Amino acid sequence: MQITKVARMLAAARHMGPELEQKSYTVMALLDGGMLRRHKSWLKAEPPAIVVATIGSLSQLLEKQILKLDYLRVLVVDEVDFLFKSSKQVSSLRKLLTSYSSCNNRQTVFASASILQHRRFRHDCIQQKWTKGDVVHVHVNRIMPMPACLYHRFVICGRKAKHQVLLSLLQSDLPESGIIFVGEQSEKSKKSGQAPSTTAVIDFLRASYEGSLDILLLEEDMNFNSRAASLTDVRKGDGYLLVSTDIVARGIDLPETTHIYNFDLPKTAIDYLHRAGRTCRKPFSDKKYYVTNIILSEERFVLQRFENELMFHCEELTIETQG
């Protein structure tokens, strides 16, 4: 949704430019959520020049031959490292890369903040014929993956004290807006009927937090309409505390976010990088932005491993909690 919005702005700007050919560029969003009939009628009435889609929604339309990509000229795959690791989408992605249009007639762009082993990835792209042989590697911020104005902190506490520590941090930090990352619920926990950690955090904050920020939820199990509604509420409010799983860790652009709280540590350093990347997104801003980790004593070595891998320093905080 947000990429479509930006694409339409860029298409309109190109259309209005006096030095450019006056041409209309239609941008279509293939959104998940059962809109197949609407997409089909739109595609017949006004074929788009630019399509923004998830792999799942695009594959669905291609399989039903509602959309054809025989004349595809440019293919951009964002968050490509995540898509190749996702067992649900990797087969569809491979088919898309090898099936539609020849490599000689198509420009392919792979983008991500965290493509590891670049030479190996480049070799695979050429060998599998996903790209042409003359791949150009563009690497931004080669030395420092984290912005200099982003400060990392951690608090060590017991498991039962984590909610109260989070509340104390919110009361002392007074964030303009923040995202609280909570770990995904395990399948074992789901089968036993336990409430997800996101529910526990939301319920605690709504009962205990007395600040002015709106408390909102965004997680994997929410349907499309619920996710869209949460993001709409985030963008129209004066300030927010968004409680979320890693579904928000990639791609979501919320420039007002000043604080990230890792209520649960991410599983990998790459996940930490993407969570941290949800803040410090205002260009030319001189503000300080913070990533704060609430960890158990036995998790300290995990955080140290992230520090070494991503080349940042994490400062320890001591928090006094009530109750």
Side-chain angles (χ1 to χ4, degrees), residues 146 150-221 239-249 257-269 271-276 278-279 288-310 312-323:
M146 296 285 190
L150 186 56
Y151 295 83
H152 304 262
R153 313 177 299 182
F154 71 93
V155 178
I156 296 177
C157 67
R159 192 179 300 277
K160 293 182 179 180
K162 291 180 74 172
H163 289 88
Q164 194 61 49
V165 166
L166 174 62
L167 181 61
S168 297
L169 285 165
L170 293 173
Q171 291 170 339
S172 60
D173 290 345
L174 299 176
E176 293 181 16
S177 290
I179 302 176
I180 301 164
F181 281 104
V182 181
E184 300 278 356
Q185 186 181 20
S186 67
E187 290 300 321
K188 183 179 179 181
S189 175
K190 287 181 182 178
K191 289 178 181 178
S192 65
Q194 295 181 24
S197 298
T198 46
T199 301
V201 172
I202 280 280
D203 290 347
F204 173 80
L205 289 177
R206 285 176 176 165
S208 307
Y209 175 70
E210 298 179 349
S212 61
L213 302 180
D214 291 330
I215 300 169
L216 303 165
L217 174 67
L218 189 62
E219 60 182 345
E220 189 73 36
D221 291 337
Y240 54 83
L241 285 175
L242 181 62
V243 179
S244 178
T245 55
D246 275 328
I247 191 173
V248 169
T257 303
T258 56
H259 289 68
I260 300 294
Y261 298 96
N262 285 326
F263 186 83
D264 296 314
L265 273 184
K267 293 179 181 178
T268 68
D271 293 334
Y272 187 99
L273 174 68
H274 284 280
R275 286 187 184 186
R278 295 316 97 208
T279 189
K288 291 184 178 180
Y289 300 87
Y290 296 90
V291 178
T292 307
N293 304 280
I294 304 172
I295 64 173
L296 309 178
S297 57
E298 59 265 31
E299 293 177 315
R300 178 65 185 113
F301 82 96
V302 179
L303 186 56
Q304 285 177 326
R305 193 173 74 234
F306 295 168
E307 291 178 63
N308 294 335
E309 193 169 332
L310 298 173
F312 68 91
H313 172 68
C314 210
E315 177 187 354
E316 182 172 8
L317 294 179
T318 303
I319 298 293
E320 293 184 7
T321 60
Q322 299 177 354

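On a predicted model such as this, the values are computed, not experimentally measured, just so you know. In what follows, residues are counted from 1 in the order of the sequence shown.
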- Query: Under 6.0 Å from the CD atom of Glu316, do we count more than 12 heavy atoms belonging to anything else shown?
  - Reply: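 Atom CD in Glu316 is crowded, with more than 12 foreign heavy atoms closer than 6.0 Å.
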- Task: Walk me through it: do Val302 and Ile295 pass the test side chain to side chain contact (heavy atoms under 4.5 Å, CB included)?
- Result: CA-CA 10 Å; Val302 179; Ile295 64 173; over 6 Å; no
- Please say which of Phe312, Tyr290, Tyr289 ends up in a ring pair (Phe, Tyr, Trp, His ring centres under 6.0 Å) with His152.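 Exactly one option meets the ring pair (Phe, Tyr, Trp, His ring centres under 6.0 Å) with His152, and it is Phe312.
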When you measure from the side chain of [X] to the backbone of [Y], do you find a donor-acceptor pair of N or O atoms at a distance under 3.5 Å?
{"X": "Lys162", "Y": "Phe263", "value": "yes"}
{"X": "Thr279", "Y": "Ala276", "value": "no"}
{"X": "Thr258", "Y": "Glu176", "value": "yes"}

Minimal non-hydrogen separation, [X] against [Y], with atom names:
{"X": "Arg278", "Y": "His274", "answer": "NE-O, 3.1 Å"}
{"X": "Thr245", "Y": "Thr198", "answer": "CG2-CG2, 3.9 Å"}
{"X": "Pro175", "Y": "Leu241", "answer": "CG-CD2, 4.5 Å"}
{"X": "Ser177", "Y": "Gly239", "answer": "OG-CA, 3.4 Å"}
{"X": "Ile294", "Y": "Cys157", "answer": "CG2-SG, 3.8 Å"}

- Identify which one of Leu242, Asp264, Leu205 satisfies the side-chain contact (heavy atoms from CB on, under 4.5 Å) criterion when paired with Ile180.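 It is Leu205, the one option of Leu242, Asp264, Leu205 that forms the side-chain contact (heavy atoms from CB on, under 4.5 Å) with Ile180.
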- Query: What distance do Arg305 atom CZ and Thr268 atom OG1 have between them, rounded to the nearest 0.5 Å?
  - Reply: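 Between Arg305 CZ and Thr268 OG1, I get 9.0 Å after rounding to 0.5 Å.
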- Query: Given Val291 and Arg275, is the side chain to side chain contact (heavy atoms under 4.5 Å, CB included) satisfied, shown in steps?
  - Reply: CA-CA 9 Å; Val291 178; Arg275 286 187 184 186; over 6 Å; no
- Message: Using 30° and 60° as the class boundaries, would you call the ring planes of Phe306 and Tyr272 parallel, tilted or perpendicular?
- Response: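 Aromatic pair Phe306/Tyr272 classed tilted.
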- Could you go step by step and tell me if Leu296 and Arg159 meet the side chain to side chain contact (heavy atoms under 4.5 Å, CB included) rule? CA-CA 7 Å; Leu296 309 178; Arg159 192 179 300 277; 3.0 Å; yes
- Item | Leu170/Leu213 under side chain to side chain contact (heavy atoms under 4.5 Å, CB included): CA gap, chis, key distance, verdict | CA-CA 10 Å; Leu170 293 173; Leu213 302 180; 6.0 Å; no
